[in-house]
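The block underneath contains the structure these notes are about, expressed in C-alpha cells.
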Amino acid sequence: MELDSRRAQAKREQIRQGALAAFLESGVSGTSMDHVAACAGVSKQTLYVYFRSKEDLLVDVLGGIVASLDERAPLLADRTVTDREHLREVLSEVAWVMVRHLMSDEYLALFRIFIAEMATTPGLLAIWRRPFRPVSSPA
C-alpha cells in the first residue's frame, strides 16, 4: 500500500481528527485504539497500518498542532512595515492572533494533554524543544 498517495494522506488526516476527538473526550489514558478507530470511522486494522501505537499517534497529532501554530501566526518578517504606527498595528495583530489561538478551549485542552504525557512519551519532548520558525530581519 502506497502510504504517500493522496488517498493515504486523506486517511491519515481522518485518523488524526478521530484521535484528536478521542483524546479531547477521554484523555490519553482513557483512549484506546478501538476508541480512536471508532471516532475516525476506520477499522482497527487500518488504524495500525498508519500508526503503530497510541503513543505514535499522540506524537503525530500534537506535533501537527504545534506545526499549525507556526502556520497560523502572522510574523512580522512576513509584513512590510511603513512607519511606527503601522508597526504598532502589525504587532497588535500578531499578538491577538497568538492570544486567540493559545487561549482557545481546544488548544488549552491539548496543552494539558501535552504536559501530562511528555514524561512518558519521548517523542513529545522533541516536539516541545523544536523552535518555532525563526523571524528573519528584513535586509
Side-chain angles (χ1 to χ4, degrees):
M1 181 175 179
E2 178 62 38
L3 292 179
D4 291 330
S5 70
R6 282 188 189 159
R7 183 176 170 174
Q9 289 173 352
K11 186 62 70 177
R12 183 177 288 274
E13 184 57 29
Q14 178 183 345
I15 293 168
R16 283 184 188 122
Q17 292 304 312
L20 177 60
F23 291 146
L24 289 174
E25 177 185 325
S26 304
V28 175
S29 62
T31 298
S32 66
M33 291 298 263
D34 286 325
H35 187 201
V36 170
C39 288
V42 299
S43 70
K44 196 170 173 182
Q45 181 180 10
T46 297
L47 178 58
Y48 279 107
V49 166
Y50 291 90
F51 297 97
R52 295 182 323 174
S53 68
K54 182 169 71 170
E55 289 75 23
D56 288 347
L57 182 55
L58 177 65
V59 168
D60 187 80
V61 168
L62 293 178
I65 290 167
V66 170
S68 77
L69 181 59
D70 279 352
E71 294 165 7
R72 292 184 208 183
L75 296 179
L76 182 58
D78 297 338
R79 309 291 288 278
T80 302
V81 177
T82 56
D83 58 34
R84 188 177 189 159
E85 185 56 37
H86 189 227
L87 174 61
R88 182 184 313 269
E89 291 170 13
V90 169
L91 289 174
S92 180
E93 179 186 345
V94 168
W96 277 112
V97 167
M98 295 296 293
V99 167
R100 277 193 304 269
H101 178 71
L102 293 173
M103 297 307 295
S104 71
D105 291 339
E106 181 181 81
Y107 185 84
L108 291 173
L110 288 168
F111 186 72
R112 285 191 283 284
I113 290 171
F114 201 96
I115 296 301
E117 299 298 323
M118 194 181 308
T120 59
T121 309
L124 294 181
L125 188 57
I127 292 169
W128 183 261
R129 289 183 173 161
R130 185 190 66 105
F132 289 108
R133 64 184 169 144
V135 178
S136 59
S137 305

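No experiment lies behind these values; they were computed from the predicted model shown. Just the heavy atoms: all of them, side chains too, but no hydrogens, waters or symmetry mates, feed the values below.
- With hydrogens and angles ignored, the 3.5 Å screen pairs no side-chain donor or acceptor of Lys44 with any backbone N or O of Ala37.
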Inset, instruction - Please assess Glu13 against Gln9 for the test side chain to side chain donor-acceptor pair (under 3.5 Å), listing each intermediate value before the final yes or no. - result: CA-CA 6 Å; Glu13 184 57 29; Gln9 289 173 352; over 6 Å; no
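- Annotation: Gln45, atom CD; neighbour count of heavy atoms from other residues, nucleotides and ligands within 6.0 Å does not exceed 12.
- Ser104 is not listed as a side-chain neighbour of Arg100, based on a closest heavy-atom distance of 4.5 Å or more.
- Using a 4.5 Å cut-off between side-chain heavy atoms of Ile, Leu, Val, Met, Phe, Trp and Tyr, with links allowed through other members, Ile115 and Val61 fall into the same hydrophobic cluster.
- Geometric assessment of Arg16 against the ring of Phe51 yields a negative cation-pi assignment under the 6.0 Å and 45° thresholds.
- Each of Thr31, Leu58, Val42 was scored for a side chain to side chain contact (heavy atoms under 4.5 Å, CB included) with Val36, with one residue passing: Thr31.
- No path of Ile, Leu, Val, Met, Phe, Trp and Tyr side chains, each step under 4.5 Å between heavy atoms, connects Leu108 with Leu24, placing them in separate hydrophobic clusters.
- For the residue pair His86 and Asp83, the shortest heavy atom distance occurs at N-OD1, 2.7 Å.
- Of all non-hydrogen atoms in His35 and Ser26, the two that sit nearest each other are CE1-OG, 3.2 Å.
- Grouping the Ile, Leu, Val, Met, Phe, Trp and Tyr side chains by contacts below 4.5 angstrom, directly or via other members, places Val99 apart from Phe111.
- Here the OG atom belonging to Ser29 is positioned 6.5 Å from the NZ atom belonging to Lys54, to the nearest 0.5 angstrom.
- Here the straight-line distance linking atom CG of Leu20 with atom CD1 of Ile113 works out to 8.0 Å at 0.5 Å rounding.
- Arg12 CZ to Thr46 OG1: the interatomic distance, rounded to the nearest 0.5 Å, is 12.5 Å.
- The hydrophobic clustering, which links ILVMFWY residues whose side-chain heavy atoms are closer than 4.5 Å, places Val90 and Trp96 apart.
- Summarising the geometry, atom OH belonging to Tyr50 is positioned 15.5 Å from atom CG belonging to Asp56; distances are rounded to the nearest 0.5 Å.
- Summarising the geometry of Gly18 relative to Cys39, their closest heavy-atom pair is O-CB, 3.4 Å, with the distance given to 0.1 Å.
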